[in-house]
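The first residue in the sequence is number 1, and the count goes up from there.
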Amino acid sequence: MAPSPVPAPGRPTTQSPGPASGHTSGAGIAFPRATRPPELPSVHGALVCVALPALAVCAEHGQLTGEGPEGVYEAGRRLLSRCVLRVAGREPVALQGRMAAADRAVFLGVLRVPGDAGPDPALTVERTRSADGTERITLRSAAARPLRLPVEVALGTDLADLGAVASGRTGPDIAASVHGTGLRWTGTDGRSVAVTADPPPMDSLAAAGVLRWEAELAPGAAFTLRLRVRGASAARPTASTGAGSGRPGGHLLAEARAEGDDPRRGELLRASVEDLRALLQRDPANAADVYLAAGVPWRCGPVTSEALWAARMSLPLGTRLAATTLRALGRTQLSGGGAESGRLQGPLRDAGPHLPPRCTGIEATLAFPVVLAEARRWGLPSADLEELLSVAERCLDWLGRTAGRNGLVPDPGPAGPWRAETQAHAHRAAVLGADLLDDCGRPGGDALREAARTLRERFRREFWLDDPAGGRPAVARAPDGRTWPQLGGWAAHLLDTGLLGGGRYAPGLLGATQTEQVARLLGTPALDSGWGLRGLGTKEPGHNPFGHRAGAVRVHETAVAVAGLAAAGHEKEAASLLRGLLDAAEAFTHRLPEMYAGEQRTTGGRPVPHPAACRPAAVAAAGAVQALLALAGVRPDVPGGSVSVHPLASAPLGAIRLSGLVVAGEPFAVRVGRLGLGMVEEAAEGLQLGV
């Protein structure tokens with residue numbers, strides 16, 4: 001099983017209402033009180049190798065010292081906390097640590113050998129560490145004489161749970177014993193871990209946890225040793241931990257590529273796809289279903305609304321991930337015929353300084369039919385559609401019952417408040433859900449369209465706040481008429497309307513004039529930090545550049561804004577946010593964190609990391625895919641037999657070619673020239689092409 005999620009600072013977490021956590025049918029919902037989150041150790045400067053359920057958290061120097069979260073983990077358990085290399089009694093001088101791939105890091109160091117007269121080091125030390133703890137250590141000699149050097153690796157572990165590491169409650173190191181060609185540690189719960197070495201060490205000192213070799217290097221020669229870490233549980237393997245529980249196959253996500261005038265776009269797309277693949281994990285309840293972990297290292301638990309968001313934004317890479325994520329989430333759907341029947345479960349999350357926590361289960365319920373409808377447009381196989389359609393219908397039934405009282409969806413509970421972002425999700429679900437039901441020959445489409453019309457009318461009347469500057473949407477409204485006027489990145493969701501047949505976008509909650517005003521507001525310095533979209537404007541009370549929803553830049557919200565602005569024809573604002581995101585990605589070596597500080601960009605400055613942000617994160621990696629695809633504006637309608645492209649006419653980042661995408665289960669490639677003209681270069685046979 002994947003490690004349990006650990007809430008980050010500013011994100012109070014409770015269990016979603018449900019049978020096991022205080023759910024009450026009919027009259028209302030019993031929400032447990034949010035608990036105070038622990039202070040997480042910072043990982044923003046660490047190199048994190050990921051191939052879930054395995055991951056390794058390393059400092060740039062490459063030594064695992066046991067400090068903070070450093071170590072090799074498997075399924076939420078730290079298998080190795082210390083791995084310290086010494087050559088001739090000294091640690092190498094660290095020069096560079098870098099990610100070679102999503103699951104692998106390389107560290108380079110040097111040493112001067114005894115007898116060297118000058119300052120130049122004669123010995124190079126290279127270490128390559130993988131997410132599963134496998135490590136290759138190579139010493140290369142540039143000395144003019146043969147060398148005989150003692151090499152030792154000091155190892156240790158506390159077999160701590162990731163949650164204990166996050167809260168600083170780890171125990172002491174466990175005593176080692178000699179085991180084969182290495183060492184072994186066994187915890188009080190029967191769990192054990194072993195490290196084996198090739199070549200076998202000359203000495204194994206269990207009391208000190210040290211393995212020793214004598215390295216003989218001729219001039220220009222190299223000496224290599226390999227370490228292998230393997231954990232074992234006292235329990236016997238079950239079906240869910242058998243052969244079907246290995247790493248999910250790469251076939252779930254296509255190998256998309258970007259080429260063009262700006263090479264950074266290709267680097268960002270490559271790194272994002274790598275991160276998405278590294279974050280794939282199997283559903284413990286059904287190993288055939290795979291979904292994305294929300295983020296590493298703190299949020300690798302059960303399937304979440306973020307996984308659904310990420311699957312939606314990754315549809316250009318194929319529909320298989322959307323199908324398996326929908327299946328996994330569908331198993332969390334509440335039943336029993338009560339008021340909450342049909343709603344998906346999910347925890348409460350922080351909603352910023354002005355509103356109570358929101359329910360991610362409501363967000364997932366409203367997203368479920370949307371993702372299914374859009375996956376169908378991208379070419380979801382009919383067998384998957386048939387299997388998932390009944391879950392989507394129950395989600396839409398819940399929406400109809402919940403919004404039937406007054407046309408609005410309260411969040412988190414029946415007492416509200418009514419959030420603008422939730423109404424945007426509800427309206428999109430109603431419009432796309434009606435389209436889906438009609439196309440599949442199911443009843444209910446007309447009622448959903450009527451609910452969407454009612455919601456549009458009421459939202460435009462009650463959520464729009466007029467002012468001399470042109471007005472703004474309210475972030476929320478209370479049943480008593482009180483409104484919250486604070487403007488933030490949440491407004492981007494008002495522009496995300498969803499994809500209908502024929503490459504058309506669904507109508508939005510806002511009229512044309514209001515949409516234009518929101519686009520203008522998103523492009524102001526109060527929200528556009530120069531690195532992306534702030535969660536809360538700088539002029540709003542409670543603004544905090546490090547606040548999760550109070551001023552930090554959230555990558556997926558920026559991507560939603562880019563795509564929504566581009567679709568609505570507001571290219572200037574879309575291009576500005578996209579440039580900022582691309583520049584930030586370069587500063588983060590193209591592995592975007594889930595969020596970073598919303599500090600204003602200055603000449604020569606760099607985006608400031610958030611100390612507790614997950615990196616990689618599913619919505620950040622998938623958001624990068626969506627933002628880059630906005631340049632081409634690919635709009636598929638596989639059931640209708642067509643695909644069209646609507647690129648940004650201004651070609652703000654120059655020419656680009658996107659290939660390795662998937663439409664109708666076949667490779668798809670599109671080119672956009674410097675004049676903003678798009679051309680489909682590769683597509684499935686039989687699809688009618690348009691621009």
Side-chain angles (χ1 to χ4, degrees), residues 16-17 23 25-29 31 305 308 333-346 351 355-356 358-373 391-438 442-464 473-484 490 493-494 496-498 500 506-511:
S16 170
H23 172 68
S25 300
I29 306 173
F31 286 97
S305 58
L308 196 53
Q333 193 170 47
L334 297 172
S335 60
E340 292 303 299
S341 178
R343 186 176 64 77
L344 303 180
Q345 299 183 66
L355 294 171
R358 62 190 175 89
C359 179
T360 60
I362 292 176
E363 183 178 355
T365 305
L366 299 174
F368 192 102
V370 169
V371 176
L372 183 60
V391 181
E393 286 182 296
R394 290 192 290 272
C395 291
L396 293 170
D397 287 344
W398 175 87
L399 168 60
R401 293 194 309 273
T402 303
R405 306 182 184 98
N406 54 24
L408 300 175
V409 176
D411 184 2
W418 301 319
R419 303 173 193 272
E421 183 179 332
T422 301
Q423 309 321 307
H425 297 330
H427 182 266
R428 183 175 59 238
V431 176
L432 269 65
D435 188 57
L436 176 67
L437 295 180
D438 286 353
R442 301 293 184 97
D446 290 342
L448 285 168
R449 271 185 289 272
E450 178 62 22
R453 184 189 64 78
T454 301
L455 180 53
R456 276 197 301 275
E457 292 176 353
R458 184 163 187 184
F459 189 90
R460 295 176 187 182
R461 183 176 65 250
E462 298 184 12
F463 277 76
W464 190 261
V475 63
R477 183 178 180 86
D480 62 7
R482 182 168 54 102
T483 58
W484 286 264
W490 61 267
H493 294 278
L494 301 179
D496 178 14
T497 60
L500 293 174
L509 279 174
L510 304 176

Trace of the side-chain contact (heavy atoms from CB on, under 4.5 Å) decision for Cys395 with Thr365: CA-CA 6 Å; Cys395 291; Thr365 305; 3.8 Å; yes
Closest heavy-atom pair, Ala476 versus Leu355, reported as atoms and distance to 0.1 Å, is CB-CD2, 3.7 Å
Legend entry - side-chain contact (heavy atoms from CB on, under 4.5 Å) assessment of Glu462 paired with Arg477: CA-CA 8 Å; Glu462 298 184 12; Arg477 183 178 180 86; 3.3 Å; yes
Rounded to the nearest 0.5 angstrom, the CG-CG distance for Leu372 and Leu432 is 10.0 Å
Open item on the list: Let's go through Gln333 and Arg343 carefully: what are the C-alpha distance in whole Å and the side-chain angles of both, what is the deciding distance for side chain to side chain donor-acceptor pair (under 3.5 Å) to 0.1 Å, and is it a yes or a no?
Closed with: CA-CA 6 Å; Gln333 193 170 47; Arg343 186 176 64 77; over 6 Å; no
Thr422 meets the side chain to side chain contact (heavy atoms under 4.5 Å, CB included) criterion, sequence neighbours left out, with Ile362, Leu366, Val409, Asp411, Arg419
How far apart are the C-alpha atoms of Arg453 and Glu457, what are their side-chain angles, what is the distance that settles it, and do they pass the salt bridge (charged side-chain N to carboxylate O under 4.0 Å, His left out) test? CA-CA 6 Å; Arg453 184 189 64 78; Glu457 292 176 353; 2.7 Å; yes
Between Gly444 and Leu437, the two heavy atoms sitting closest are C-CD1, 4.1 Å
Output for pair (Phe368 CZ, Glu393 CD), nearest 0.5 Å, gives 11.0 Å
Quick check: do Phe459 and Leu494 have side-chain heavy atoms less than 4.5 Å from each other? yes
Shortest non-hydrogen pair, Pro356 vs Ala351, comes out as O-CB, 3.3 Å
Exercise for review: Apply side-chain contact (heavy atoms from CB on, under 4.5 Å) to the pair Gln423 and Leu408, showing each step before the final yes or no.
Suggested key: CA-CA 7 Å; Gln423 309 321 307; Leu408 300 175; 3.7 Å; yes
On a heavy-atom basis, the closest approach of Gly413 and Pro410 is O-CB, 3.1 Å
**Flag side-chain contact, heavy atom, 4.5 Å: Arg458 against Asn406** = yes
task = Decide yes or no for Pro412 and Arg358: does some side-chain heavy atom of the first lie under 4.5 Å from some side-chain heavy atom of the second?
result = no
- Query: Can you check whether Val475's main-chain N or O pairs, donor with acceptor, with Glu421's side chain at less than 3.5 Å?
  - Reply: no
Exercise for review: Begin from the C-alpha positions of Leu509 and Leu455 and carry the test side-chain contact (heavy atoms from CB on, under 4.5 Å) through to its verdict.
Suggested key: CA-CA 8 Å; Leu509 279 174; Leu455 180 53; 3.9 Å; yes
Quick one: do Arg449 and Asp438 make a salt bridge, cutoff under 4.0 Å? yes
Task: N/O donor-acceptor pair under 3.5 Å between Arg456 side chain and Ala451 backbone - done: no
Is any side-chain heavy atom of Leu334 closer than 4.5 Å to a side-chain heavy atom of Trp398? no
Taken to the nearest 0.5 Å, the spacing of Arg394 CZ from Ser335 OG works out to 8.0 Å
Heavy-atom closest pair (Val431 atom, Ala452 atom, distance to 0.1 Å) is CG2-CB, 3.7 Å
Rounding to 0.5 Å, atoms CZ (Phe463) and CH2 (Trp484) come to a distance of 9.5 Å
Note to self: Taking Asp496's backbone N and O only, do any of them form a donor-acceptor pair with Arg428's side chain (distance below 3.5 Å, no angle check)?
What the structure shows: yes
Between Leu448 and Gly433 the two heavy atoms that sit nearest each other are CD1-C, 3.9 Å
